[in-house]
2 protein chains.
Amino acid sequence: MTSSETAGRRGRRPGDSQTRTAILEAARVRFAHDGFRAATVRAIAADAGVDPALVMHYFGTKQGLFVAAMEFPLDPAQIVPRIVGPGIDGLGERLVRFLLGLVDELGEANPMLALVRSAVGHPDAARMMREFLGEAILDRVAAAVDADRPRLRADLCASQIVGILMARQVLALPELAAADREILIQVYGRTIQRYLTEPLESPAASR
Amino acid sequence: MTSSETAGRRGRRPGDSQTRTAILEAARVRFAHDGFRAATVRAIAADAGVDPALVMHYFGTKQGLFVAAMEFPLDPAQIVPRIVGPGIDGLGERLVRFLLGLVDELGEANPMLALVRSAVGHPDAARMMREFLGEAILDRVAAAVDADRPRLRADLCASQIVGILMARQVLALPELAAADREILIQVYGRTIQRYLTEPLESPAASR
DNA sequence: CGAGAAATTCAACAGTCGCTGAAAACGAGT
DNA sequence: ACTCGTTTTCAGCGACTGTTGAATTTCTCG
């Protein structure tokens with residue numbers, strides 16, 4: 001792809017340099033595909049048509065590259081109001097619709113998928129996932145609904161959302177991947193709505 | 001731990017040999033902790049108090065060790081009837097109760113967690129997870145319920161179950177880990193019950 | 001007791017990984 | 001034209017990985 005006649009030679013290439021963003025894009029794809037540990041600096045550099053040392057020059061360490069690549073393309077302060085704004089009714093459906101739309105839109109370079117895949121065996125990624133999905137989005141959504149135990153409700157939602165990502169993208173469950181999106185939005189939307197609004201039974205009042 | 005005076009010397013140790021099962025136990029713990037890729041043969045051997053070469057002698061390859069370690073301690077043909085037997089009513093709750101009980105009971109050496117953690121970046125593990133959770137358990141449970149699209153319903157259940165494992169064990173969401181088990185059983189149980197029995201809206205009847 | 005099978009370790013090979021230091025080629029300012 | 005900072009590659013180091021072949025000790029059976 002990036003095999004012009006100047007690439008491969010030593011020293012700076014002529015013209016404007018977009019190698020930094022090319023590295024970031026390649027990193028997002030690789031991290032989303034393989035997770036933090038299995039994605040190698042060498043492979044990312046090769047995808048970007050660049051020497052591995054250049055990656056270290058720009059981002060210092062592999063971890064630094066990971067943090068830079070996970071910088072999310074969307075600001076939670078903008079998306080949360082769009083989900084919460086129209087009111088409690090249909091909240092779960094809007095959240096799931098937004099999530100599935102995001103997955104389709106981001107394609108191979110999906111930071112959320114990269115975080116999920118990396119969280120396994122890389123605690124830093126698990127923390128980043130908690131901070132983004134939990135604190136930045138779901139905690140605010142749950143707080144907007146005026147119900148008891150908003151933090152627990154946010155965690156319940158997170159468990160179903162992460163499960164959707166794992167089942168569709170990682171496990172590749174066939175019926176789930178092939179299912180009509182509107183059906184998934186309605187089914188999962190009702191689940192999220194329940195986790196946000198339904199009364200959480202106390203164990204004493206068992207049924 | 002396993003530092004008797006005979007260990008470390010060359011050749012066979014005196015007495016009965018339980019090293020094979022010790023290796024399997026250490027492998028389950030390591031695979032559950034770190035996943036297939038990050039768990040090293042050397043670390044597993046060290047935990048078992050054994051030379052890495054002995055692992056290869058018994059199991060051939062790291063993949064062979066993985067397959068042997070994932071041999072599940074429970075037979076699906078025995079557990080599925082216990083869940084389905086009492087009837088449709090309370091099915092979801094029984095399934096979730098069984099799952100959470102299993103997680104507590106297995107402790108650190110949890111093959112399900114090992115499969116989830118390994119599925120990322122190791123397609124063989126993803127296939128094993130699909131075969132065990134999907135085909136061996138959930139497909140049968142969903143088939144016992146007489147509803148349309150049983151395969152899709154099984155996948156929906158799988159997505160929530162995998163999400164529970166990820167959220168509690170991998171992401172370690174604090175409220176979810178601290179929550180009362182009976183509450184989780186009831187909340188998740190209702191979700192599973194819905195996925196198994198509720199009508200799946202058609203996209204044409206979008207309302 | 002003697003022989004073969006089993007269990008166990010040692011030492012090492014070949015590959016990959018993240019990372020480093022130096023050198024080369026280019027762009028921009030004076 | 002000269003200099004300086006930026007971009008880029010090269011070559012390599014040290015650590016770690018799965019795996020192997022041979023050597024050593026013990027057990028088992030006749």
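The shown structure was predicted, so the numbers you read here are calculated from the model rather than taken from an experiment. A, B, ... follow the sequence lines: proteins, then strands. Residue 1 opens every chain.
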Trainee: Report the distance from atom CG of A:D51 to atom C1' of C:dA23, rounded to the nearest whole Å.
Mentor: 13 Å
Trainee: Given A:M166, which of A:L113, A:L173, A:V116 fulfils the side chain to side chain contact (heavy atoms under 4.5 Å, CB included) condition?
Mentor: A:V116
Trainee: Polar atom pairs between nucleotides 14-17 of chain C and protein, under 3.5 Å, N or O only, would you list them?
Mentor:
none

Trainee: Taking atom P of C:dG18 as reference, at what distance in whole Å does atom CG of A:L54 sit?
Mentor: 16 Å
Trainee: Taking CG from B:D34 and P from D:dT17, how many angstroms apart are they, rounded to a whole number?
Mentor: 11 Å
Trainee: D:dG18 P sits how many Å from B:F66 CZ, rounded?
Mentor: 14 Å
Trainee: Report the distance from atom CD of A:Q18 to atom P of D:dT6, rounded to the nearest whole Å.
Mentor: 19 Å
Trainee: Look only at the side chain of B:K62 and the backbone of B:F36, and say whether a donor-acceptor pair between them is shorter than 3.5 Å.
Mentor: yes
Trainee: How close or far is atom C1' of C:dA11 from atom CE of B:M56, stated in whole angstroms?
Mentor: 16 Å
Trainee: Please evaluate residues A:R151 and A:E135 with respect to the criterion salt bridge (charged side-chain N to carboxylate O under 4.0 Å, His left out), reporting the C-alpha separation (whole Å), side-chain torsions for both, the decisive distance (0.1 Å), and the verdict.
Mentor: CA-CA 9 Å; A:R151 285 263 161 70; A:E135 300 169 20; over 6 Å; no
Trainee: Look at A:Y58 and D:dT8 and indicate whether a side-chain polar atom (N or O) is within less than 4.0 Å of OP1 or OP2.
Mentor: yes
Trainee: How many whole angstroms separate atom CD of B:Q63 from atom P of D:dT17?
Mentor: 18 Å
Trainee: Judged by modelled atom types alone, do B:Y195 and B:S159 share a side-chain donor-acceptor pair under 3.5 Å?
Mentor: no
Trainee: Separation of A:H57 atom NE2 from C:dA25 atom P, in whole Å?
Mentor: 18 Å
Trainee: Please determine if a side-chain N or O atom of A:T19 lies less than 4.0 Å away from the OP1 or OP2 oxygen of D:dT8.
Mentor: yes
